[in-house]
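So you know, we letter chains A, B, ... as the sequences are listed, proteins then strands, and number each from 1. Here the structure is a predicted model, which means the values were calculated and not measured.
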Amino acid sequence: MPPNDPGPRTALFVTCLNDTLFPGTGRATVTLLRRLGVEVDFPPAQSCCGQMHFNTGYRKETAKLARHFVDTFGGYDRIVVPSASCAGMPAEAYPQAAVGDPGLAREVAELAPRVVELTEYLTDRLGVVEVGAYFPHRVTYHPTCHSLRATRLGERPYRLLRAVSGIDFVELPAQDECCGFGGTFSVKNPAVSGAMNGDKARHVLETGVSVLAAVDNSCLMNIGGRLNRDGHPVRTLHLVEILARTEQDGPMPGLPVVEGAR
Amino acid sequence: MTDARTEILRRIRAAAVPPAVAPPRHYLRHAPGLDETDRPTVLALFAERLTEYGATVLRADTAAAAVAQALDGARSVVAPVGLPDEWTADWSGEVLVDRPLLETARLDAADAVLTACTAAVAESGTLILDGGPGQGRRAATLLPDLHVCVVRASQVHSALPGALAVLDPGRPLTFISGPSATADIEMIRVKGVHGPRRLAVVLLP
Amino acid sequence: MTRSFLGWPAFPEAAEREVGNRQLRENVRRATHTIRGKRAVLAAERPDWEALRDAAAGIKDQVLANLESHLLQVEEKVTAAGGTVHWARDAAEANRIVTDLVRATGEREIVKVKSMLTEEIGLDAALEAAGINARETDLAATIVQLGDDLPSHVVVPALHRNRTEIRDIFVREMGRHGRPAPEGLTDEPAELAEAARLHLREKFLGAKVAVSGANFLVAETGTLVVVESEGNGRMCLTLADTLISVVGIEKTVPSWQDLEVFLQLLARNATGERMAPYTSTWTGLGPSKGADGDGPQTFHLVLVDNGRTRALADPTGRQALRCIRCGACMNICPVYERTGGHAYGSVYPGPIGAILNPLLKGLDDPQTASLPYASTLCGACNEVCPVRIRFTDVLLDLRAQVADGGKHPVERAALGAVGGVMEHQAAWKAAVKSIGLVGPLLLPRKIRLPGPLGGWTDSRTVPAIPRESFRTWWKRTEGDAK
């Protein structure tokens with residue numbers, strides 16, 4: 001890189017859910033990226049990608065939020081998103097929401113390849129798997145549907161987790177089954193959603209972990225809400241909140257420490 | 001009021017479906033992992049797949065002895081028109097020639113049916129009958145409980161595309177891949193519902 | 001009296017009832033998991049699996065683009081081969097045609113090969129009303145018919161029943177419709193299949209008229225194709241004097257060669273077999289025009305629209321007409337696994353039902369309008385579909401049609417208001433801040449939120465609202481976590 005090249009301008013799209021309900025995920029993203037030498041901007045105009053609107057059938061409303069997203073992030077070379085489902089919106093949904101607005105469609109097509117989910121950003125853009133993390137706890141991982149079948153993260157989150165120092169990683173049984181969240185599905189079809197979620201929670205308990213990780217806090221909110229209501233002490237954490245912790249931080253307070261971990 | 005045909009065709013035109021591109025055809029034309037010209041391997045696969053179905057496979061140089069072995073225990077066998085006489089030469093049971101046409105009840109009461117085939121598929125262990133000489137009408141291969149089919153090695157294609165290419169779609173065709181079966185109860189496979197419950201294949205060079 | 005899905009409640013209500021049935025959930029879970037595993041093995045066996053799917057999707061798109069010429073070809077070839085072709089705009093017309101054809105033979109009892117289309121149009125009930133007893137011959141269809149039940153799966157209509165329930169139905173009902181179940185019948189699947197064999201055999205051997213559907217209809221040759229496992233199809237197709245095949249207009253494939261794609265995909269994807277035990281093909285009355293004693297002497301083909309042209313006119317939705325009814329989408333679906341098929345209120349349940357029913361019938365009925373929401377959009381169905389239907393694309397498009405149709409005005413207003421706030425920086429900032437002012441709020445573990453969110457809190461807690469939003473933290477620290 002030439003001496004005066006500031007490098008790619010990288011923005012954090014924290015997502016509306018993380019901004020309001022899971023700010024720790026945003027903070028951990030900033031901490032981790034800084035440790036890896038990446039300074040991110042947080043354009044304060046950002047709000048919501050419009051996923052809830054789009055998935056419920058409100059395309060005009062989605063188009064407005066797509067316009068807002070393009071205006072907010074258009075000037076950045078990379079937009080990092082700690083959510084697989086929100087990260088997929090510009091590529092998957094915006095082109096459909098922009099039907100009838102060629103200007104927006106063009107801007108969306110131009111911007112979408114620069115929007116990248118966090119674990120993919122780490123492994124593919126930064127080329128790191130070992131991120132210097134320390135997490136001496138028993139952890140399992142739920143691959144959310146969007147991370148599996150839309151953003152197609154594949155092995156990336158697993159490679160990152162397995163490289164964490166001190167971690168006791170356990171595979172989740174029937175992991176590729178949906179947790180039943182589905183955004184408004186959980187509101188429109190609570191009985192079915194609850195049954196799916198109950199099975200997911202049961203599989204989590206079968207692993208005997210103290211932490212369930214994923215790359216979408218929406219699904220974690222669903223599964224965690226069930227575990228919590230049933231009185232199980234399993235914590236739900238966005239994967240980046242594991243990756244951000246170092247040996248200096250020590251074990252996570254309140255969690256049983258894996259025997260034999262340093 | 002317009003007639004149904006006119007109306008349906010009008011609706012199709014009104015749907016204004018744009019033209020479609022030619023479909024890609026990058027799939028295999030032979031069974032995966034083998035060379036179509038490697039005949040021993042193709043025949044071995046055919047025998048293996050039939051055996052997996054629970055069918056009896058008898059490989060022989062000539063039909064008579066193997067047919068007699070396959071029919072062991074049966075008292076009567078339906079013989080379609082055009083079946084070579086020598087195929088039943090070594091067998092001592094009753095041969096019911098389907099000419100004049102046997103009554104349905106007679107077919108139902110027969111222990112077995114012996115036929116040739118028009119083609120076969122190794123990968124899926126499939127026999128294909130087209131009602132030609134020695135293959136019989138469809139009811140004849142359906143009602144008896146044991147079907148013995150004589151296949152010549154040259155009739156065996158490694159995969160379905162090769163076999164379909166030699167068939168005459170104008171003829172009534174029956175593709176048989178193992179004995180009659182069902183998985184309608186808890187998705188558990190049970191052999192033998194309405195068609196023949198036992199299948200034996202005599203494979204000739 | 002034949003039961004039907006007429007007047008069925010919308011999906012959420014029907015699903016809630018089914019989810020509460022533990023036995024049903026266990027039956028469906030067990031069956032779908034069994035078939036999922038078998039399918040995965042057989043699909044993985046073909047290194048060219050994705051290429052076969054590409055070809056199948058491409059061929060079916062050609063069908064949809066050339067449907068008129070394909071149907072005219074079918075008509076010409078079938079007629080030339082001694083068959084008679086009829087056209088039916090809707091269910092009532094199709095039922096009338098078949099009823100009249102059966103009446104003309106003077107027969108009062110006929111046999112049927114399992115056909116989803118005849119279930120769709122309610123043919124059995126129509127025949128019954130005309131005094132004609134149509135007996136199903138597929139094992140699962142027989143279980144459904146004897147149990148006065150409704151189909152819950154396109155391949156295995158009695159998938160929701162376990163062996164014990166089936167045994168009870170056979171013992172109770174077989175005697176009322178013909179040969180009774182054998183004394184001391186147990187619930188072993190092999191014994192149950194044998195009981196069905198004996199019960200149905202006398203029906204086949206005596207039947208003069210058979211009704212079938214078809215899996216494929218080859219345009220270039222006019223050939224019909226029926227794929228089945230048990231042999232009941234062969235019985236019906238060959239032993240009856242009169243064969244009436246009722247086929248949806250979308251079942252065509254352009255050429256004979258195209259069968260090499262579909263016949264290699266169908267059984268692997270549907271039942272986890274390389275080929276189904278029996279595939280029968282016939283073209284009209286064959287070369288002998290029915291004179292050789294091989295098969296029926298009279299053949300009728302009824303081509304049915306019943307909403308297919310409506311689906312065809314939907315640019316996104318028309319891909320649903322590629323469907324070859326393998327059932328893989330319902331076998332993999334986590335929603336179907338919890339509800340079974342009846343919740344969908346149609347003979348087409350699962351993901352294909354969630355898109356096909358609204359496309360065939362329109363969205364005016366609250367029942368069909370509820371179906372596009374009967375999915376978490378998890379996308380598992382997209383991955384197993386042999387004709388590459390993008391279920392999630394169609395579901396989303398149908399949801400947009402429901403929303404645009406003004407069906408959910410309150411929801412639209414709410415989401416519109418939220419969206420309005422979100423696209424204006426100051427308003428969103430204020431909103432986030434106000435959420436923060438509520439916190440730190442830890443709602444009690446068991447609380448029921450009012451209104452539509454009540455269902456959420458029935459089985460989950462609501463997350464605690466943090467004291468400080470991310471943006472407040474960022475503003476305070478400029479992102480310095482130290």
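Proximity of Val156(C) to Met187(B): side-chain heavy atoms (C-beta onward) are separated by under 4.5 Å at one or more points. Taking 4.5 Å as the limit, every side-chain heavy atom of Leu312(C) sits out of range of all side-chain heavy atoms of Arg11(B). In this structure the side chain of Phe175(B) reaches within 4.5 angstrom of the side chain of Thr281(C), judged on heavy atoms. No side-chain heavy atom of Glu68(C) sits less than 4.5 Å from a side-chain heavy atom of Arg10(B). Counting heavy atoms from C-beta on, the side chains of Arg197(C) and Arg197(B) come closer than 4.5 Å.
For Pro179(B), the part sitting under 4.5 Å from any heavy atom of chain C is the backbone (N, CA, C, O) and nothing else. Interface remark: Leu107(B) contributes no atoms to any contact with chain C (heavy atom separation under 4.5 Å). Only the side chain of Glu52(B) has a heavy atom closer than 4.5 Å to any heavy atom of chain C. Of the atoms belonging to Val21(B), it is backbone heavy atoms, and not side-chain ones, that fall under 4.5 Å from chain C. Contact of Ile12(B) with chain C is made through backbone and side chain together, with heavy-atom distances under 4.5 Å. Using a 4.5 Å cut-off between heavy atoms, Ala16(B) touches chain C through its backbone atoms (N, CA, C, O) alone. Proximity to chain C involves both the backbone and the side chain of Thr174(B), based on heavy atoms less than 4.5 angstrom apart.
No side-chain donor-acceptor contact under 3.5 Å links Thr271(C) and Arg189(B).
Among all heavy-atom pairs drawn from Pro23(B) and Ala55(C), the shortest one is CB-O, 4.0 Å. A pairwise comparison of heavy atoms in Arg318(C) and Pro18(B) identifies NH1-CD, 3.3 Å as the closest pair. Summarising the geometry of Ala4(B) relative to Glu93(C), their closest heavy-atom pair is CB-OE2, 3.4 Å, with the distance given to 0.1 Å.
For chain C, the option among Asp130(B), Thr104(B), Leu28(B) with the highest count of heavy-atom pairs below 4.5 Å is Leu28(B). No other option in Ala20(B), Gly178(B), Pro161(B), Pro24(B) has as many heavy-atom pairs under 4.5 Å with chain C as Pro161(B). Chain C forms more heavy-atom pairs under 4.5 Å with one residue of Val190(B), Thr126(B), Leu9(B), Val17(B) than with any other, namely Val17(B). When each of Ile176(B), Leu142(B), Thr182(B) is scored by its heavy-atom pairs under 4.5 Å with chain C, the top score falls to Leu142(B). Among Pro32(B), Pro172(B), Ala22(B), the residue with the largest count of heavy-atom pairs under 4.5 Å with chain C is Pro32(B). Contact count against chain C (heavy-atom pairs under 4.5 Å) is highest for Arg138(B) among Arg171(B), Arg137(B), Arg138(B).
Note: Tyr278(C) OH to His194(B) NE2 = 10.0 Å, rounded to the nearest 0.5 Å. In this structure, CD1 in Ile128(B) is found 6.5 Å from CE in Met275(C), a value given to the nearest 0.5 Å. Summarising the geometry, atom CZ belonging to Phe204(C) is positioned 11.5 Å from atom CG belonging to Asp108(B); distances are rounded to the nearest 0.5 Å.
Salt-bridge annotation for Glu230(C) and Lys191(B): absent, with no side-chain N of the basic residue lying under 4.0 Å from a carboxylate O of the acidic one. Using a cut-off of 4.0 Å between Lys/Arg side-chain N and Asp/Glu carboxylate O, Arg5(B) and Asp305(C) are scored as not salt-bridged. Salt-bridge annotation for Glu123(B) and Arg46(C): present, with a side-chain N of the basic residue lying under 4.0 Å from a carboxylate O of the acidic one. Classification of Arg163(C) and Glu186(B) as a salt-bridged pair holds, one side-chain N sitting under 4.0 Å from a carboxylate O. Between Asp184(B) and Lys114(C) there is no salt bridge, since no side-chain nitrogen of the basic residue lies less than 4.0 Å from a carboxylate oxygen of the acidic one.
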(Q) Run the side-chain contact (heavy atoms from CB on, under 4.5 Å) test on Ile59(C) and Arg25(B) for me, step by step, so that the C-alpha distance in whole Å, both residues' side-chain angles and the decisive distance to 0.1 Å come before the verdict. (A) CA-CA 10 Å; Ile59(C) 293 167; Arg25(B) 294 186 188 267; 3.8 Å; yes
**Q.** side-chain contact (heavy atoms from CB on, under 4.5 Å) between Glu194(C) and Val193(B), intermediate numbers included
**A.** CA-CA 7 Å; Glu194(C) 176 64 13; Val193(B) 194; over 6 Å; no
**Q.** Derivation and outcome, side-chain contact (heavy atoms from CB on, under 4.5 Å), residues Arg89(C) and Ile8(B)
**A.** CA-CA 6 Å; Arg89(C) 277 164 283 211; Ile8(B) 292 170; 4.1 Å; yes
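With hydrogens and angles ignored, the 3.5 Å screen pairs a side-chain donor or acceptor of Trp256(C) with a backbone N or O of Leu164(B). Side-chain atoms of Thr283(C) come within 3.5 Å of backbone N or O of Pro169(B) as a donor-acceptor pair.
Each of Gln264(C), Glu273(C), Arg274(C), Arg268(C) was compared with Ser124(B) under the side-chain contact (heavy atoms from CB on, under 4.5 Å) criterion, and only Arg274(C) meets it.
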